[in-house]
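Below: one structure, written as structure tokens.
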Amino acid sequence: MASLRGLIFDVDGTLAETEELHRAAFNQAFEEAGLGWTWRRDDYRRLLRTTGGKERIAQYAGEVGKPGLDIAALHRRKTAIYGERMASGRIALRPGVENLIRTAREREIALAIATTTTRANVEALFAATLGTEALDWFAAVCTANEAPVKKPDPQVYLLALQILGLGPDECLAFEDSANGLKAALAAGITTVVTPSTYTADDDFSGAALVIRDLEGLAEAQDRWTGSNPAGGVTALLRSIAA
Ligand code: XBP
Ligand code: MG
């Protein structure tokens with residue numbers, strides 16, 4: 001039986017509640033471009049079903065009938081604004097994230113990132129939280145730059161597994177959204193979901209565990225419904241609690 005050898009993390013909504021910063025960055029980029037668009041929270045909740053910023057802009061441009069927009073340039077500006085706002089803001093990792101990452105390192109369990117966001121945004125989040133050097137703790141950092149086909153497609157998870165050199169039965173994925181969960185499950189990976197502000201009403205069927213945040217992971221052992229590779233999950237959860 002396989003043992004637990006890798007943890008693969010989604011970024012937006014899972015490591016940190018970043019979507020309000022994304023929304024603000026989109027809106028500032030739209031304003032600077034003179035588009036007269038403002039995505040309010042309810043708009044954004046709906047638009048988040050389209051994964052990836054460029055795809056989300058394209059979806060909206062189609063809805064409001066704005067052909068010929070330079071989506072790549074608009075998105076580049078959005079990414080720059082996001083980085084600036086992240087550097088001057090107060091984004092924190094969600095409860096339990098840092099402890100889990102540090103525990104995995106102590107137990108020599110490999111770490112990976114599998115996200116649909118842009119690599120620069122991952123670097124900005126690490127610079128603002130654990131420090132830039134902490135990205136080196138991750139054996140695979142897979143983003144939209146390396147895996148352009150967005151979740152719920154499993155491409156980014158399959159790439160992470162390939163780089164880690166691990167099978168799906170040796171890993172756990174951590175997600176916050178239905179699209180992310182679908183992507184991880186399609187790659188065959190047992191998945192823990194911590195719903196975020198924008199995804200609380202998503203359908204998390206198929207998740208091994210749905211918990212408020214990763215701080216609750218240690219106490220959630222009894223509710224584990226997914227596969228438990230060689231007892232590795234229980235051992236990991238025990239050491240998080242210790
Ligand atoms: C999902 C997202 C991203 C961001 C936008 O990412 O929410 O699409 O909204 O980022 P994750 P980009 O898989 O990490 O949850 O503008 O860089 O695409
Ligand atoms: Mg997410």
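The structure displayed is predicted, hence computed values, not measured ones. Values below: all heavy atoms of this structure, side chains included; hydrogens, waters and symmetry mates excluded. Counting starts at 1 for both ligands and their atoms, in listed order.
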- Message: Tell me whether the count of non-hydrogen atoms from other residues, nucleotides or ligands lying under 6.0 Å of CD in Glu31 goes above 12.
- Response: no
- What residue and atom, counting heavy atoms only, is the protein's closest point to atom 15 (O) of ligand 1, and at what distance? Asp10 OD1, 2.8 Å
- With a 6.0 Å cut-off on ring centres, are Trp39 and Phe30 close enough? yes
- Query: Which pairs, with at least one residue in residues 137-146 and sequence neighbours excluded, count as a salt bridge (charged side-chain N to carboxylate O under 4.0 Å, His left out)?
  - Reply: Arg119-Glu146
- Message: Is the contact between Glu19 and ligand 1 made by the side chain, the backbone, both, or neither, using heavy atoms and a 4.0 Å cut-off?
- Response: side chain
- Please write down residue, atom name and distance for the protein heavy atom closest to atom 10 (O) of ligand 1. Thr117 OG1, 2.8 Å
- Residue and atom name of the nearest protein heavy atom (relative to atom 17 (O) of ligand 1), distance in Å to one decimal: Thr118 OG1, 2.6 Å
- Query: Would Leu35 and Leu74 count as a side-chain contact (heavy atoms from CB on, under 4.5 Å) if you check the C-alpha gap in whole Å, the side-chain angles of each, and the deciding distance to 0.1 Å?
  - Reply: CA-CA 11 Å; Leu35 285 165; Leu74 192 58; 3.8 Å; yes
- Query: Short list, please: which atoms of ligand 1 are under 4.0 Å from a heavy atom of Lys78?
  - Reply: 5 (C), 10 (O), 12 (P), 16 (O), 17 (O)
- Closest protein heavy atom (residue, atom, distance) for atom 14 (O) of ligand 1: Thr115 OG1, 2.5 Å
- Item | Numbered atoms and elements of ligand 1 in range of Asn121, under 4.0 angstrom, heavy atoms | 17 (O)
- Query: Short N/O distance, under 3.5 Å, between Gly53 and ligand 1?
  - Reply: yes
- Item | For Gly52, the ligand 1 atoms whose distance to one of its heavy atoms is below 4.0 Å | 8 (O), 18 (O)
- Query: Taking the six-membered ring for Trp, is the centroid-to-centroid distance between Tyr44 and Tyr60 below 6.0 Å?
  - Reply: no
- Item | Closest protein heavy atom to atom 3 (C) of ligand 1, given as residue, atom name and distance to 0.1 Å | Asp12 OD2, 3.6 Å
- Note on the structure: Partner of Pro195 under side-chain contact (heavy atoms from CB on, under 4.5 Å), picked from Asp176, Asp213, Val210, Asp201, is Val210
- Task: Enumerate the atoms of ligand 1 whose separation from the nearest heavy atom of Lys151 is less than 4.0 angstrom.
- Result: 13 (O)
- Task: Check each atom of ligand 1 against the heavy atoms of Tyr44 and keep those under 4.0 Å away; list them by number with element.
- Result: 9 (O)
- Just which atoms of ligand 1 are under 4.0 Å from any heavy atom in Val11? 14 (O)
- Task: If you have a sec, work out which protein heavy atom is nearest atom 6 (O) of ligand 1 and how many Å separate them, to one decimal?
- Result: Thr116 OG1, 2.9 Å
- Ranked by distance from atom 9 (O) of ligand 1, the top protein heavy atom is Arg56 NH1, 2.6 Å
- Message: Does atom CZ (Arg23) have a neighbourhood of more than 12 heavy atoms from anything else shown, all under 6.0 Å?
- Response: yes
